[in-house]
Amino acid sequence: MSFGKSGSQKLFGMAIVCICAMALASCARGMSRAGQSAVSFVKPPAVPQLSYNDEQRFKYFFHEALGKQMAGEYDAAFDLFNHCLSINPYAAEVYSMQASYYAELNNDSTVLAYMKKAAELSPDNDIYLERLAVAHINSNNMNEAIRTYEWLYAGHKDRSDVLSVLLQLYNRQKDYDKMIHTINRLETVEGSSEQTALSRMRVYALQGKKREEFNELRTLSDKHPNDMNYHVMMGNWLLQNGKMQEALDKYNFVLKQDSQNLSAKLSMMDYYRMVGEDSLASEWQERMLLDPATPTGNKMMLMRKVVAENEQNGADSTEVLDLFEKMLAQPQQSSDMTELYAAYMKLKKMPQDSINTVLRKALGISPDNVGVRLQLIQALWEEKNFDEIIFLCRQATAYNPDEMAFYYFLGLAHFQKDEADEALDAFRRGVAQINAESNKDMVSDFYSIMGEILHGKGKDSEAFAAYDSSLQWKPENLPTLNNYAYYLSLQKESLSKAEQMSYRTVKAEPTNATYLDTYAWILFMQERYEEAKIYIDQTLQNDSMPTGVVLEHAGDIYAMNKDMTRALDYWQKARDAGNDSKVLARKIKLKKYIKE
């Protein structure tokens, strides 16, 4: 039998369990259980006395087994425990230990057999009894599990945890009378409480004993006459059981005593809905939504309900929008309701400008709200409103200095405005926030765009270092691979490395014209002209509006493939597309390829 390391932590703890079990077993033997009936739960077998030598051998091998177990040598420990049983087949502690091993193997039947044996040999050991009860539950033998837990409780009348398990077991058996009896015993241990009273109510409800259920609630209310929530609970019970007027009287009584009782207000709203007075229900609902005393969480719950009912009924959204406006006209403790309003406006496909206004209001309430700020930035990106994006991101780096996304959008916005120095500064500040938890894709993109900027500033060595960092975080960052490869080819160095990187982009996206052009150009630089022609043709097939640079590449490749007619055609198209290179003009004039 083999035990892997997956259960090491579980088995490690068994040594402590076993040592405790042995101690309990030794001190429990010969003791009588308080209140024990004439018929014992189990009758311990007659245990023959071990010889002195066997007793010493047993102790030696048992402690050796524990040592192996603590060292994680479970197979050896298991074999040693078996050897212990060959010396003393009446050792309860060994059966308990072996049961733990069989539990690791999911052998429930053997676990049950071994724990039965342990409990029979040491019937006053509570650890064995509890493990036996659990084994019965795992074997789906609820009757024996209940019998075992009841025996355990008989010796420990103060153990409410045992009673809690019994309550669950009786519930599974649908033995409601025993559940009531167990709740009463719990109350003896812990004292009367709302929890025990409500538990009894639930059982009475399952039994259909309405009178007993209500009497339990009334008793609870009588014990706490100044707690209005119990009166509300009584009103709710009356409402659910069709006693409408009595329920209304209860709610009015509570509101007379405590006009701000939220539970009573919510119940009044439910009452009017149940009696068909929807307008009054809506009035109570709006009153709660506009009441500054209503907690934000309850307002959010109510407003979500309003939205859901409006959508379900296909009603006009105008009422919902008006209600949002009324609420947001009041001072807000948080941006939650404003965010919900923006989400509803998005659901109703309202103009983005209107949604942005609400998002700006949310930021005014909670300027450190990352989610709201990013929503607004993404919406503004669609509008290419780079100035406001820069403003929002600068603010964000003060409120949320460790949030990389804001440096990312700040750098991109400056980059889009051709503000290279500001963009580079933003990206450098962003990468300073990198840690082990950072988003790898975003970090890779940071370095990739930094490489693009640095190349544009003529700092190719720094650009290539940035590209290397980008690929460390994301080896398959295709834009990085493409740009890195192309810029290497322009320097006419590391062409083999450039070709390998470029090929990965073409393999990943075989119809991407940009990647195909880069690969064709690198092949051209390696003087692999026929292969270059294959890929430049694919480039033009997948590019409906090729740039002047791409067209010049095509002309160069055809020229080196000795097709000057096509070469001149592509060079002329390159000039028509806006390529005003002096070298291109010379190629057309001299009708031949000229190296730059």
Side-chain angles (χ1 to χ4, degrees), residues 415-416 418 448-449 451-458 460 463-464 467 470-471 476-596:
F415 187 64
Q416 292 295 323
D418 295 324
S448 184
I449 302 170
E452 183 76 7
I453 296 170
L454 289 164
H455 171 75
K457 295 171 74 68
D460 281 343
F464 296 158
Y467 286 139
S470 174
L471 295 175
E476 296 307 312
N477 188 321
L478 299 182
T480 298
L481 289 168
N482 177 76
N483 292 344
Y484 195 179
Y486 186 65
Y487 296 146
L488 282 173
S489 74
L490 292 182
Q491 289 196 344
K492 301 179 177 63
E493 63 179 49
S494 302
L495 291 178
S496 177
K497 177 181 177 180
E499 188 269 334
Q500 291 173 14
M501 288 192 295
S502 182
Y503 179 72
R504 284 157 64 188
T505 69
V506 171
K507 188 176 180 182
E509 295 186 16
T511 60
N512 186 308
T514 300
Y515 299 162
L516 288 166
D517 171 61
T518 297
Y519 192 56
W521 183 247
I522 293 171
L523 292 172
F524 175 82
M525 296 298 292
Q526 292 180 314
E527 300 182 359
R528 295 159 62 180
Y529 302 126
E530 291 184 3
E531 292 176 76
K533 179 176 174 297
I534 293 171
Y535 284 96
I536 199 64
D537 285 344
Q538 291 182 33
T539 301
L540 297 170
Q541 289 170 11
N542 289 282
D543 192 346
S544 57
M545 294 183 65
T547 65
V549 173
V550 171
L551 291 166
E552 185 178 3
H553 287 169
D556 293 349
I557 291 168
Y558 269 93
M560 297 309 291
N561 276 283
K562 298 182 172 48
D563 188 342
M564 286 306 302
T565 302
R566 296 286 296 278
L568 284 167
D569 180 51
Y570 283 123
W571 286 335
Q572 185 60 52
K573 286 178 179 178
R575 186 161 62 181
D576 294 343
N579 187 335
D580 57 358
S581 162
K582 292 180 179 179
V583 175
L584 174 62
R586 290 181 63 203
K587 290 174 186 176
I588 295 171
K589 182 178 180 180
L590 299 175
K591 298 182 180 179
K592 69 175 183 177
Y593 171 71
I594 299 171
K595 271 189 178 183
E596 296 187 35

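No experiment lies behind these values; they were computed from the predicted model shown. Sequential numbering from 1 along the given sequence is applied to the chain's residues.
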**Message:** With side-chain hydrogen bond (donor to acceptor under 3.5 Å, both in side chains) as the criterion, how do Tyr487 and Glu452 come out once you've worked through the C-alpha distance, each side chain's angles and the decisive distance to 0.1 Å?
**Reply:** CA-CA 10 Å; Tyr487 296 146; Glu452 183 76 7; 3.1 Å; yes

**Message:** With side-chain contact (heavy atoms from CB on, under 4.5 Å) as the criterion, how do Met560 and Phe524 come out once you've worked through the C-alpha distance, each side chain's angles and the decisive distance to 0.1 Å?
**Reply:** CA-CA 9 Å; Met560 297 309 291; Phe524 175 82; 3.3 Å; yes

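- Aromatic rings of Tyr593 and Tyr529 (six-membered ring for Trp) have centroids beyond the 6.0 Å cut-off, not under it.
- The line from NZ of Lys582 to CD1 of Ile594 is 13.5 Å long, rounded to the nearest 0.5 Å.
- Separating the CG atom in Asp556 from the OH atom in Tyr570 is a distance of 12.5 Å, to the nearest 0.5 Å.
- Taken from NE2 in His455 to CG in Asn483, the straight-line distance is 8.5 Å, to the nearest 0.5 Å.
- For Ser448 and Thr480, the side-chain atoms include at least one donor-acceptor pair closer than 3.5 Å.
- Residues Met501 and Tyr486 are not in side-chain contact: their nearest non-hydrogen atoms beyond the backbone lie 4.5 Å or more apart.
- Around the CD atom of Glu493, the shell of radius 6.0 Å holds more than 12 heavy atoms that belong to other residues, nucleotides or ligands.
- Leu481 CG to Leu471 CG: the interatomic distance, rounded to the nearest 0.5 Å, is 5.0 Å.
- The shortest non-hydrogen separation linking Ala567 to Gly555 is CB-O, 3.3 Å.
- A search for ring-ring contact (aromatic ring centres under 6.0 Å, His included) contacts involving Tyr484 returns Phe464, Tyr467, not counting sequence neighbours.
- Here Tyr515 contributes atom OH and Leu478 contributes atom CG; the two are 4.5 Å apart, rounded to the nearest 0.5 Å.
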Using a 3.5 Å cut-off and no angle test, enumerate the donor-acceptor pairs between side-chain atoms of residues 540-551 and protein atoms at least two apart in sequence or in another chain.
from, atom 1, to, atom 2, distance (Å)
Asn542, ND2, Gln538, O, 2.8
Asp543, OD1, Met545, N, 3.1
Thr547, OG1, Val550, N, 3.3

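- Counting all heavy atoms, side chain and backbone alike, Ala498 lies closest to Ile522 at O-CD1, 3.6 Å.
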**Item:** Derivation and outcome, side-chain contact (heavy atoms from CB on, under 4.5 Å), residues Ile453 and Ile449
**Value:** CA-CA 6 Å; Ile453 296 170; Ile449 302 170; 4.2 Å; yes

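- Looking at heavy atoms from C-beta onward, Gln572 lies out of side-chain contact with Leu568 at the 4.5 angstrom threshold.
- Minimum interatomic distance between Arg575 and Leu584 (heavy atoms only, all atoms of both residues): N-CD2, 3.8 Å.
- Taking CG of Leu516 as the reference point, atom CD1 of Ile534 lies at 12.0 Å (rounded to 0.5 Å).
- Here the closest heavy-atom approach between residue Thr505 and residue Asn482 is recorded as CG2-N, 3.9 Å.
- Smallest separation of non-hydrogen atoms from Glu552 and Ala574: N-CB, 3.7 Å.
- The closest side-chain heavy-atom distance from Trp571 to Met564 is below 4.5 Å.
- Residues Ala513 and Thr539 approach most closely at O-CG2, 3.4 Å, considering heavy atoms.
- With Asn579 contributing its side chain and Ser581 its backbone, the two residues share a donor-acceptor pair below 3.5 Å.
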